[in-house]
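Please read the structure below before turning to the comments.
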Amino acid sequence: MTTSSPDTSVVVIGAGQAGLSVSYYLKRLGLDPGNDFVVLDRGPGTGGAWQFRWEALRIGSAHRINDLPGLDELGISFETADRQSPAKDVVADYYQRYEEHYDFHVVRPADVTSVKNSGTDLVVNFTLDGEEKEVTTVTVVNATGTWGAPFIPWYPGAPSFAGRHWHTNDYVAAEDFAGLNVVVVGGGTSAIGFLLELENVAASTTWVSRRPIDFLEDGELNLEARVEGVRIQDEAARAGRALPSIVSGTGVPRTRRIQAGIERGVLTPRPMFDSIEPNGVRWADGAFQPADAIIWSTGFRPELRHLAPLKLREREGGVVVAQGASWKDPRVFFAGYGPQASTIGANRAGRLIARQVIATLSKLQASR
Ligand SMILES: Cc1cc2nc3c(=O)[nH]c(=O)nc-3n(C[C@H](O)[C@H](O)[C@H](O)COP(=O)(O)OP(=O)(O)OC[C@H]3O[C@@H](n4cnc5c(N)ncnc54)[C@H](O)[C@@H]3O)c2cc1C
């Protein structure tokens, strides 16, 4: 049981789009950054997961990156950023200026290892430059994204593969695959982006997907597809189920670049293989494709390991989250989770969650 007062009222874990957006609204609602709320982030630099994205992902080839709330005060916008610049650099730069402008005092590289219940308060344990630290707080906003929890499905023979298994989050540049036979797994835009980049670099590319690809006629994600994708995610989050893949709800926009790739025959998906052998992959009908590398563009899961001591997980595999708040522990909020896992969703989460945090703090402080 905690008897002394906590170090702070809110700990925000993660300084990506979601954590920064929550911080912006907390400050607007009167909380003092660094005192009333503390932001901890594991990344070595600014930019959230974007700082780790591959060089060839340009502002112009990403889906739309929405501006953080209040970014206009700095006179910058992703809308007017150079479309040819690497998204990783532009986002890192804009977030850095944003953090400085709003004086968020983000603590990094602070890796949160656990959040524990200590009676009325929560204890957040983290390492900072190798040193173990802790901060006590009334509420926690988890905004840790998914980049640190890549998902690779299991297929027979996977450990016997003599080549290398890659995941989207290992991919740096096409040159790493020069002269190799590459199998790309997954039905989303990351898989498609890799196939297009590797076209004249790899010895061969083979595309496999568990589901037939739902190419949308529009060149951009249309509103209806987006709404349906968000609804599917929201339904799963409210039911405490593991979150389904975003692309299963939205489909893949048929941009001019993608359409040209389809016409050149680079984007012709095959069904999923059945097993992996040391030198390639094999389908049930006996067909074999030699492979030196398999790139798994098979998505991510929310990064929640550090919350395990709070026992928020349901048997269904997920956490029950409605309107950004945990159903099991109303002191714990989830920003950027499920239906909020996009830059625009993270912005909306910021406003919604900051208001709820303030309401929860007043309720809890009145009852202390
Ligand atoms: C390949 C790819 C491309 C995408 N492209 C787009 C796009 O074009 N447009 C769009 O709207 N969305 C896109 N998305 C979705 C994207 O994930 C979100 O838009 C947004 O960047 C997520 O923000 P976030 O703050 O939730 O997560 P992140 O940006 O991942 O930020 C989470 C932060 O939490 C930190 N963290 C994690 N765990 C801990 C811990 N234990 N302790 C301390 N800190 C921790 C991380 O270091 C990170 O800084 C893309 C996703 C992927 C995977």
Side-chain angles (χ1 to χ4, degrees), residues 11-23 38-54 56-68 78 81 83 87-88 90-92 94-95 99 106-115 124-128 133 135 140-151 167-171 186 188-194 220-221 226 229-230 233 243 245-247 250 253 295 297-308 324 334-350 353:
V11 170
V12 178
I13 311 174
Q17 186 97 2
L20 291 179
S21 173
V22 171
S23 302
V38 173
V39 190
L40 304 175
D41 187 74
R42 183 172 61 200
T46 51
W50 288 93
Q51 70 192 287
F52 304 112
R53 298 225 163 112
W54 53 101
L57 184 65
R58 305 284 146 153
I59 290 286
S61 58
H63 292 311
R64 191 158 189 265
I65 305 178
N66 284 80
D67 287 343
L68 280 158
F78 290 113
R83 292 176 61 78
K88 67 201 282 283
V90 177
V91 177
Y94 282 17
Y95 281 14
E99 285 181 18
V106 177
V107 182
R108 58 166 65 86
D111 186 8
V112 174
T113 48
S114 69
V115 180
V124 178
N125 292 96
F126 62 101
T127 55
L128 181 64
K133 308 236 173 208
V135 55
V140 161
V141 177
N142 191 74
T144 49
T146 58
W147 189 253
F151 172 70
H167 186 272
T168 300
N169 77 348
D170 301 312
Y171 187 99
T189 46
S190 302
I192 292 172
F194 296 150
E220 281 192 4
L221 280 187
R226 216 185 262 252
V230 167
Q233 291 275 319
L243 299 171
S245 94
I246 300 263
V247 80
T250 60
I295 305 177
S297 290
T298 39
F300 298 83
R301 296 288 181 260
E303 200 174 346
L304 306 176
R305 281 182 297 261
H306 51 288
L307 301 180
F334 289 84
Y337 185 81
Q340 304 167 342
S342 65
T343 48
I344 189 158
N347 287 357
R348 285 203 203 100
I353 289 171

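Just so you know, residue 1 is the first one in the sequence shown, and it goes up from there. Both counts, for ligands and for their atoms, begin at 1 and track the order of listing.
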>> So does Ile65 get a backbone contact from the side chain of Gln17, meaning a donor-acceptor N/O pair under 3.5 Å?
In response: no

>> Check this for me - ligand 1, Trp54, N or O atoms closer than 3.5 angstrom, yes or no?
In response: no

> Between the side chain of Asp41 and the main-chain N/O of Gly48, is any donor-acceptor distance below 3.5 Å?
Replying inline: no

> Where's the contact between Phe126 and ligand 1, heavy-atom distance under 4.0 Å: side chain, backbone, both or neither?
Replying inline: neither

>> Can you tell me which portion of Phe78 lies within the under-4.0 Å heavy-atom range of ligand 1? Options are side chain, backbone, both, or neither.
In response: neither

> Would Thr127 and Asp111 count as having a side-chain donor-acceptor pair, cut-off 3.5 Å?
Replying inline: no

>> I want to check something: taking the side chain as every heavy atom from C-beta on, are Val135 and Phe126 in contact at a cut-off of under 4.5 Å?
In response: yes

>> Among all protein heavy atoms in this structure, tell me which lies nearest to atom 47 (O) of ligand 1, with the distance rounded to 0.1 Å.
In response: Gly43 N, 3.5 Å

> Purely on distance, is any nitrogen or oxygen of Ala62 under 3.5 Å from one on ligand 1?
Replying inline: no

>> Could you work out, for atom 44 (N) of ligand 1, the closest of Gln17, Arg53, Gln51, Arg42 by heavy-atom distance?
In response: Arg42

> Looking only at atom types and distance, does a side-chain atom of Ser61 sit under 3.5 Å from a main-chain N or O of Leu57, one as donor and one as acceptor?
Replying inline: no

>> When you measure from the heavy atoms of Tyr337 to every atom of ligand 1, does any distance fall below 4.0 Å?
In response: no

>> When you compare ligand 1 with Asp41, is there at least one nitrogen or oxygen pair between them that comes in under 3.5 angstrom?
In response: yes

> Between Phe300 and His167, is the ring centre distance below 6.0 Å?
Replying inline: yes

> Which atoms from ligand 1 have a heavy atom of Asp111 less than 4.0 Å away?
Replying inline: 40 (C), 41 (N), 42 (N)

>> Give me the residue, atom name and distance of the protein heavy atom closest to atom 31 (O) of ligand 1.
In response: Gly16 CA, 3.4 Å

>> Suppose we measure from atom 13 (C) of ligand 1 to each protein heavy atom; which comes out shortest, and what is that distance?
In response: Trp50 CZ2, 4.0 Å

>> Going by the closest heavy atom to atom 19 (O) of ligand 1, which one wins out of Leu307, Thr343, Val112?
In response: Thr343

>> Heavy atoms only, cut-off 4.0 Å: how does Ala110 contact ligand 1, side chain, backbone, both, or neither?
In response: backbone

> Under 4.0 Å from ligand 1, counting heavy atoms only, is it the side chain of Ile13, its backbone, both or neither?
Replying inline: side chain

> Phe300 heavy atoms, cut-off 4.0 Å: which ligand 1 atoms fall inside?
Replying inline: 53 (C)

> Any idea which protein heavy atom is nearest atom 9 (N) of ligand 1, and the distance to it?
Replying inline: Arg64 O, 2.9 Å

>> So if I count the atoms of ligand 1 from 1 in the order they appear, which ones are less than 4.0 Å from some heavy atom of Gly14?
In response: 33 (C), 34 (O), 35 (C)

> Are the side chain of Thr46 and the backbone N or O of Ala92 linked by a donor-acceptor pair below 3.5 Å?
Replying inline: yes

> Taking only heavy atoms of Ala143, which atoms of ligand 1 are found under 4.0 Å from at least one of them?
Replying inline: 32 (C), 33 (C), 34 (O)

> Is there a nitrogen or oxygen of Ala18 sitting under 3.5 Å from a nitrogen or oxygen of ligand 1?
Replying inline: yes

> Purely on distance, is any nitrogen or oxygen of Ala346 under 3.5 Å from one on ligand 1?
Replying inline: no

>> Counting non-hydrogen protein atoms only, what is the nearest one to atom 30 (O) of ligand 1? Give residue, atom name and distance.
In response: Ala49 CB, 3.2 Å

> Hey, is atom 22 (C) of ligand 1 touched by any protein heavy atom at less than 4.0 Å?
Replying inline: no

> Considering only heavy atoms of Glu303, which atoms of ligand 1 have at least one such atom less than 4.0 Å away?
Replying inline: 37 (C), 38 (N)

>> Can you list everything that forms a side chain to side chain contact (heavy atoms under 4.5 Å, CB included) with Phe52? Sequence neighbours excluded, please.
In response: Pro44, Trp147

>> I need the atoms of ligand 1 closer than 4.0 Å to a non-hydrogen atom of Ser190, numbered in the order shown.
In response: 1 (C)

>> I'd like to know if the side chain of Thr144 and the backbone of Gly14 have a donor-acceptor N/O pair within less than 3.5 Å.
In response: no

